[in-house]
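Notes for the one structure printed next.
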Number of protein chains: 2
Amino acid sequence: MRSMSNNGGSKIHGNLTERMDAFKERCRQAGLKVTPQRIAVFRTLIESNEHPSAEMVFRQVRKIFPNISMDTVNRTLLMLKEIGAAIVVPGLGGPKRFDGNIQPHHHLICMKCKKIIDFYHEPFDNIQVPQRVKRAFAVSRITVYLEGLCDKCRPKR
Amino acid sequence: MRSMSNNGGSKIHGNLTERMDAFKERCRQAGLKVTPQRIAVFRTLIESNEHPSAEMVFRQVRKIFPNISMDTVNRTLLMLKEIGAAIVVPGLGGPKRFDGNIQPHHHLICMKCKKIIDFYHEPFDNIQVPQRVKRAFAVSRITVYLEGLCDKCRPKR
DNA sequence: CTCTGTGCAAACACTTTGCAGCTAA
DNA sequence: TTAGCTGCAAAGTGTTTGCACAGAG
């Protein structure tokens, strides 16, 4: 059974070193410098499975890089989205939540505790967008978005 | 053919007076007072088809209600969501965007100009969420969310 | 060496909160 | 009458910008 993630396990797909190397390469191809700050932010992001906000990444990355500034974290996260190394998870306002997992997947959002939970479901990856939409809009990403209450927040069964 | 909306037409489903009456009734049932401000905000919202932010509603509603404050608009919009008379459109940060159309429908977001476009597609309304997800999460709303570039923003064909 | 990236500080945008007076019921 | 609502003001949170120095290429 394909599991819902958020299972405490790592979200990193493939070897960490490989992903870091691929990231460095992607920076170079985009004409961006590979700085220790960028490496630290990217690594923190892909090691997290809680769809962190800039603030959350900042707190975490500070542990190994005490002098990094919030701006740099913010700018780096936006840059990651720009070059396609991260996505911003759709949400209902509040701080942006980032995700280093760019594999096709979908999200549940708990309306109460704001937790974001990944789930994988191949049929959703292949849903067909109607022609009339494709004609009027260059679709780059399709996601199914579920609102509700997580196990902890919903009234007891 | 089911059209994409945002066609300049009204988004109001059913008679305006009916919807206003239903709204008043819903307020009463929730123990909330029916104030002129609330009526003006709700009416502005359902007459808009651009998924307005609080700011956009504020500017519009001021035309007919010059003394209303931004707070009241904000509080009213959040209240509308609370009682189920409006939804917040999923997005990638920035100001919350509200929608007075609570019929099942889906959204395209232009990554460049941030325009939100509704589309209706019955197969998407009925997609089946896997059992394992339903068991762990009380799903209250299912939406398909498309990112891309709108006709105006995408490179010319 | 050069030009981008960083850190700092300030500005900005959006949202939330506390409170005194007002008003729908 | 009175509980709830409004408007104002202030504070809070999250994000963006300008600039001088630092460091990757």
Side-chain angles (χ1 to χ4, degrees), chain A residues 20-21 23-42 44 51-62 64-83 85-86 88-98 111 114 116, chain B residues 20-21 23-42 44 51-62 64-83 85-86 88-98 114:
Chain A
M20 293 309 302
D21 287 346
F23 167 62
K24 290 172 193 171
E25 187 50 33
R26 215 199 283 235
C27 284
R28 284 187 204 102
Q29 283 179 8
L32 299 167
K33 293 185 176 167
V34 178
T35 65
Q37 289 92 332
R38 284 176 175 168
I39 291 171
V41 169
F42 181 69
T44 301
H51 313 84
S53 63
E55 178 68 30
M56 290 154 89
V57 173
F58 180 57
R59 277 204 299 272
Q60 184 61 32
V61 84
R62 271 219 153 176
I64 56 164
F65 205 129
N67 288 329
I68 198 169
S69 75
M70 182 66 201
D71 311 78
T72 298
V73 173
N74 236 319
R75 280 188 285 226
T76 303
L77 289 169
L78 294 175
M79 175 276 274
L80 292 177
K81 174 174 166 58
E82 213 56 47
I83 66 173
V88 175
V89 181
L92 305 181
K96 285 192 184 66
R97 304 282 293 263
F98 295 87
M111 304 302 285
K114 311 297 180 193
I116 300 170
Chain B
M20 294 308 301
D21 287 345
F23 167 63
K24 291 172 193 171
E25 187 49 33
R26 216 198 285 234
C27 284
R28 284 186 205 104
Q29 282 178 10
L32 298 166
K33 290 185 178 168
V34 178
T35 65
Q37 289 93 331
R38 285 177 174 167
I39 291 171
V41 169
F42 181 68
T44 301
H51 313 83
S53 62
E55 178 68 30
M56 290 154 87
V57 173
F58 180 58
R59 278 204 299 273
Q60 184 60 32
V61 84
R62 270 218 154 178
I64 55 163
F65 206 129
N67 287 329
I68 198 169
S69 74
M70 183 65 201
D71 313 76
T72 298
V73 172
N74 237 319
R75 279 187 287 225
T76 302
L77 290 168
L78 294 176
M79 175 276 272
L80 292 177
K81 174 174 165 59
E82 213 56 47
I83 67 172
V88 176
V89 182
L92 305 180
K96 285 192 185 67
R97 303 284 291 264
F98 294 87
K114 310 296 178 194

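Proteins get letters first, then strands, A, B, ... in listed order; numbering begins at 1 in each.
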How close do A:Val73 and A:Ala54 get, counting heavy atoms only, and between which atoms?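 Closest approach of A:Val73 to A:Ala54, heavy atoms only: CG1-O, 3.7 Å.
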
Hey, what do you get for [atom1] ([X]) to [atom2] ([Y]), rounding to the nearest 0.5 Å?
{"X": "A:Leu78", "Y": "A:Lys96", "atom1": "CG", "atom2": "NZ", "result": "6.0 Å"}
{"X": "B:Ile83", "Y": "B:Gln29", "atom1": "CD1", "atom2": "CD", "result": "10.0 Å"}
{"X": "A:Lys114", "Y": "A:Ser53", "atom1": "NZ", "atom2": "OG", "result": "13.5 Å"}

Take A:Leu92 and B:Lys81, measure what side-chain contact (heavy atoms from CB on, under 4.5 Å) needs, and give me the verdict at the end. CA-CA 11 Å; A:Leu92 305 181; B:Lys81 174 174 165 59; 4.2 Å; yes

Who passes side chain to side chain donor-acceptor pair (under 3.5 Å) against A:Arg59, sequence neighbours left out?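 With sequence neighbours excluded, A:Arg59 shows a side chain to side chain donor-acceptor pair (under 3.5 Å) to A:Glu55, given in chain and number order.
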
Please report the C-alpha distance between A:Phe98 and A:Val88 in whole Å, then the side-chain angles of each, then the deciding distance to 0.1 Å, and finally whether the side-chain contact (heavy atoms from CB on, under 4.5 Å) criterion is met. CA-CA 5 Å; A:Phe98 295 87; A:Val88 175; 3.8 Å; yes

Contact nearer the 5' end of DNA chain D, comparing A:Arg75 with A:Ala54: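 The residue closer to the strand's 5' end, by nearest nucleotide, is A:Ala54.
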
Pair listing, salt bridge (Lys or Arg N to Asp or Glu O under 4.0 Å) test, anchored in residues 27-38 of chain A, at least two apart: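 Qualifying pairs: A:Glu25-A:Arg28.
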
Considering heavy-atom distances to DNA chain C, does B:Leu32 or B:Ser53 have its closest nucleotide positioned more toward the 5' end?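 Whichever sits nearer the 5' end wins; that is B:Ser53.
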
First encountered from the 5' end of DNA chain C, between B:Asn74 and A:Gly31: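 Result of the comparison: A:Gly31.
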
All side-chain contact (heavy atoms from CB on, under 4.5 Å) counterparts of B:Gln37, not counting sequence neighbours: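 By the side-chain contact (heavy atoms from CB on, under 4.5 Å) rule, B:Gln37 matches B:Thr35, B:Phe65, B:Ile68, B:Thr72.
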
For B:Ile39, what residues pass the side-chain contact (heavy atoms from CB on, under 4.5 Å) criterion, not counting sequence neighbours?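 Scan of B:Ile39 (side-chain contact (heavy atoms from CB on, under 4.5 Å), adjacent residues dropped) gives B:Met20, B:Lys24, B:Val34.
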
With A:Phe58 via ring-ring contact (aromatic ring centres under 6.0 Å, His included) - residues at least two apart: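 Applying ring-ring contact (aromatic ring centres under 6.0 Å, His included) to A:Phe58 gives none.
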
Answer yes or no: is there a donor N or O on one side and an acceptor on the other, between the side chain of B:Arg97 and the main chain of B:His51, under 3.5 Å?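 At least one qualifying donor-acceptor pair exists.
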
Test salt bridge (charged side-chain N to carboxylate O under 4.0 Å, His left out) applied to B:Glu82 - qualifying residues, sequence neighbours left out: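 By the salt bridge (charged side-chain N to carboxylate O under 4.0 Å, His left out) rule, B:Glu82 matches no residue at all.
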
All salt bridge (charged side-chain N to carboxylate O under 4.0 Å, His left out) counterparts of B:Arg26, not counting sequence neighbours: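 For B:Arg26 there are no salt bridge (charged side-chain N to carboxylate O under 4.0 Å, His left out) partners, ignoring immediate neighbours.
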
Reading DNA chain D in the 5' to 3' direction, which nucleotide is the first one with an atom under 4.0 Å from a heavy atom of chain A, and which is the last?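 Under 4.0 Å from chain A, the extent on DNA chain D is D:dG14 to D:dG25.
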
Expected output is a numbered-order residue list: members of residues 33-42 of chain B with a heavy atom under 4.0 Å from any atom of DNA chain D. What is it?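 Result for residues 33-42 of chain B: B:Lys33, B:Thr35, B:Gln37, B:Arg38, sorted by number.
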
With heavy atoms of chain A within less than 4.0 Å as the criterion, where does contact along DNA chain C begin and end?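 In short, chain A contacts DNA chain C from C:dC3 to C:dA9.
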
Could you walk me through whether B:Leu80 and B:Phe42 pass side-chain contact (heavy atoms from CB on, under 4.5 Å), step by step? CA-CA 8 Å; B:Leu80 292 177; B:Phe42 181 68; 3.8 Å; yes

When the axes are fitted on five pairs at both termini, how much does the helix from C:dC1-D:dG25 to C:dA25-D:dT1 curve, in 10° steps?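 It works out to 50° between the end axes.
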
Heavy-atom contacts under 4.0 Å between residues 66-73 of chain A and DNA chain C, which residues?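 Within this stretch, A:Asn67, A:Ile68, A:Ser69, A:Asp71, A:Thr72 sit under 4.0 Å of the strand.
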
